Engineer: 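Would you mind keeping the following structure in view while I ask a few things?
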Amino acid sequence: MLKYIGKRLLLMIPVILGISFILFTIMDLTPGDPARVILGDFASQAEIDALREEMGLNDNFFVRYGRYIGNAVTGDLGNSYRSSAPVVEEIAARFPSTLKIALLAMLFAVLIGIPVGIISAVKQYSIADISSTMLALLFTSIPAFWLGLLLILLFSVRLRLLPAVGSDTWKHMLMPSISLAAAQMATIIRMTRSTMLEVIRQDYIRTAKAKGAAPRRVIFHHAIKNALLPVITTVGLSISNLLGGALIIENVFGISGLGTLMVNSVKSKDTPLLIGSVMFAAVVAGLVNLGVDVLYTYVDPRIKAQFVKKKK
Amino acid sequence: MEERLLTIKDLYVEYITDDARVFAVNGIDLAINKGETLGLVGETGAGKTTTALSIMRLLPEKVGLIKSGSIVLNGKDVTKASEADMRLLRGETVSMIFQDPMTSLNPVLTVGDQIAEVLELHKRHKNKADVEARVDEILKMVGLPPERKHDFPHQFSGGMKQRIVIAIALACEPLLLLADEPTTALDVTIQAQVLALMNELKQNLNTAMILITHDLGVVAQTCDRVAIMYAGEVIETGTVEQIFSGDEHHPYTVGLFESIPDLKKKTRRLHPIDGLMPDPTDLPTGCKFHTRCPHCMEICKTELPKPIEKDGHLIRCHLLEGGGRKAEGSETL
């Protein structure tokens, strides 16, 4: 098992290198001079030239990329052009808000999505099933930012129950995470429903019934574990959607998280900050997916058998 | 006198789907005594599995319906029993072995847990240790080492899985075992082993069995009596001797036997019965077999033949009417 985890961690290295290379290239190709960004509009050409020389901007592209990666390996992602603070610190300051929203959104999506999906499958074609299907359709169709705006209109403007902007208390987190969760919840509902429908038609479910097991036991003891496998995959994949979605949602709710950091760094051509934060998000997504794969082995003995040699 | 265990009378089962009504079982009568083995033979779609699922009341929900008739199992009519009563019967009084052992076991539970479950559901033992002891005992009984109870189904071969399925079915020593083509999915050498095992256990536990198969060789080896089904009807029933060697048969039975290749005769081709089973959504009138019968008469096309009985050998065919046999109601079997 440890060997497998190690292998997966090693596999993340080329992925991250690839991401950094693409970003580095794009940022290099776009117009705009970092030295001018740092020094401002009133700096003289001589000052800019001096700074360019100092920062090594006149070096060959590959030399600069190599230098960046070399520093990154030691944990130094460079300094932000705008604030001149280390990129690592900037990310550390912003990430907790994003993480809170994403986790809360995930929690909503899973805790509501899975039970609704199961009920929907067990009571196929019932009123509950039809309404959950419609709900899921609605949630996948609504863009997160628009749902966020509607929530602000209702809960902040009309009812004056929840604050519209900021990220200080759990109350601030509620609306952003719900708007973020909606689409994921819909996916999880649909996924749970379809896999559950498939599982409850399996022969082993009939075997369980033939033993005299009650419907509740058949669902909870025999069906759920089998049905959850694809759902876990979906949940794992949705983490990257959540991080991506946070980008928009944070702007809607004025939260200073990783998303706003990325957007601002693009606007100000703050190359180190952008590459650093995107790479960080990629690492998080990679780790979550690794966690999901490890989780698999606890649910399905067949997958576990591939990694673990038999004891004895 | 032998004791009657199961009596099915005039059973009609239909599958109702959005686009069709499937007449799966059309008025069958069957009876089985305690400890007896009945072979239920017929082509795919003849209604064999549907009959077995009706006894378990495990027809697909909202689709499969018992329209009329009665199934009296051990003095209780299962067509009228409540769902809670049925749960008590399933696994305890009647249990079922399904066709494909590969898919009959839950992949995420250990086989020991799956055997223990049926014992726990029917509260056979007071504590966990007794249950475990019984699981070990059953595994030994079906010829598997008890220490393998901690393994998952994917770690077993097909034949071993079917042994586990048999272990689950027999754990509570049921009065009736429904075996739905238990050997079809296994290769031939394993088939023989599994059949021998089932026979032995059946004998030891005095369990009655309905063996669903289309393999007449298996029937000859294991059954006391045989019922041949065609298009949802039992067209001939009798003892194994009567079916295999009696001189009067339903034309369909004759066709079935003729389609078995004979090692002694030299033939270039097999002799299948011409035509196909009638569409169960649109069954012919009269005798269901008349469309394929080589001896079809006018009356066959319009009138359903009554069962004609001689020494417990029962045939539903107009050819035999007016012959040595006398027509009787469906009461006798």
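Quantities reported herein were computed from a predicted structural model and do not represent experimental measurements. Just so it is clear: chains get the letters A, B, ... in the order the sequence lines come, proteins before strands, and each one is counted from 1.
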Engineer: Distance check, rounded to the nearest 0.5 Å: Leu121(B) atom CG versus His221(A) atom NE2?
Structural biologist: 8.5 Å
Engineer: Give the C-alpha distance, both sets of side-chain angles, the deciding distance and a yes or no for side-chain contact (heavy atoms from CB on, under 4.5 Å) between Met102(B) and Asp203(A).
Structural biologist: CA-CA 9 Å; Met102(B) 301 301 172; Asp203(A) 285 351; over 6 Å; no
Engineer: In terms of heavy-atom pairs under 4.5 Å with chain A, which of Asp100(B), Thr103(B), Leu109(B), Val118(B) leads?
Structural biologist: Thr103(B)
Engineer: Side chain, backbone, both or neither: which part of Glu61(B) has a heavy atom under 4.5 Å from chain A?
Structural biologist: side chain
Engineer: Check Gly212(A) against His122(B) and note the closest heavy-atom contact, atom names and distance.
Structural biologist: CA-NE2, 4.4 Å
Engineer: When rounded to the nearest 0.5 angstrom, what distance separates CD in Glu117(B) from NZ in Lys211(A)?
Structural biologist: 4.0 Å
Engineer: Looking at Ile205(A), Asp300(A), Asn226(A), which makes the most heavy-atom pairs under 4.5 Å with chain B?
Structural biologist: Asn226(A)
Engineer: Restricting to non-hydrogen atoms, name the atom on Pro215(A) and the atom on Arg87(B) that form the minimum distance, rounded to 0.1 Å.
Structural biologist: CD-NH1, 3.5 Å
Engineer: Looking only at heavy atoms, which two atoms of Pro107(B) and Arg302(A) are closest? And how far apart?
Structural biologist: CB-CZ, 3.4 Å
Engineer: Within the side chain of Thr207(A), is there an N or O that forms a donor-acceptor pair under 3.5 Å with the backbone of Ser104(B)?
Structural biologist: yes
Engineer: For the CD atom of Gln124(A) and the NZ atom of Lys62(B), what is their distance to the nearest 0.5 Å?
Structural biologist: 8.5 Å
Engineer: Take a 6.0 Å sphere around CD of Glu137(B) and say whether it holds more than 12 heavy atoms from other residues, nucleotides or ligands.
Structural biologist: yes
Engineer: Working to the nearest 0.5 Å, report the span between CZ of Arg206(A) and CE of Met96(B).
Structural biologist: 6.0 Å
Engineer: Which one wins on heavy-atom pair count under 4.5 Å against chain B: Ala223(A), Pro301(A), Ala213(A)?
Structural biologist: Pro301(A)
Engineer: If you compare all heavy atoms of Val108(B) against all heavy atoms of Val299(A), which two are closest, and at what distance to 0.1 Å?
Structural biologist: CG1-O, 3.7 Å
Engineer: With a 3.5 Å distance limit and no angle check, can you tell me whether Asn106(B) reaches the backbone of His222(A) through a side-chain donor-acceptor pair?
Structural biologist: yes
Engineer: Counting only heavy atoms closer than 4.5 Å, note whether Leu105(B) contacts chain A via side chain, backbone, both or neither.
Structural biologist: backbone
Engineer: Report which part of Leu53(B) has an atom under 4.5 Å of a heavy atom belonging to chain A: side chain, backbone, both, or neither.
Structural biologist: side chain
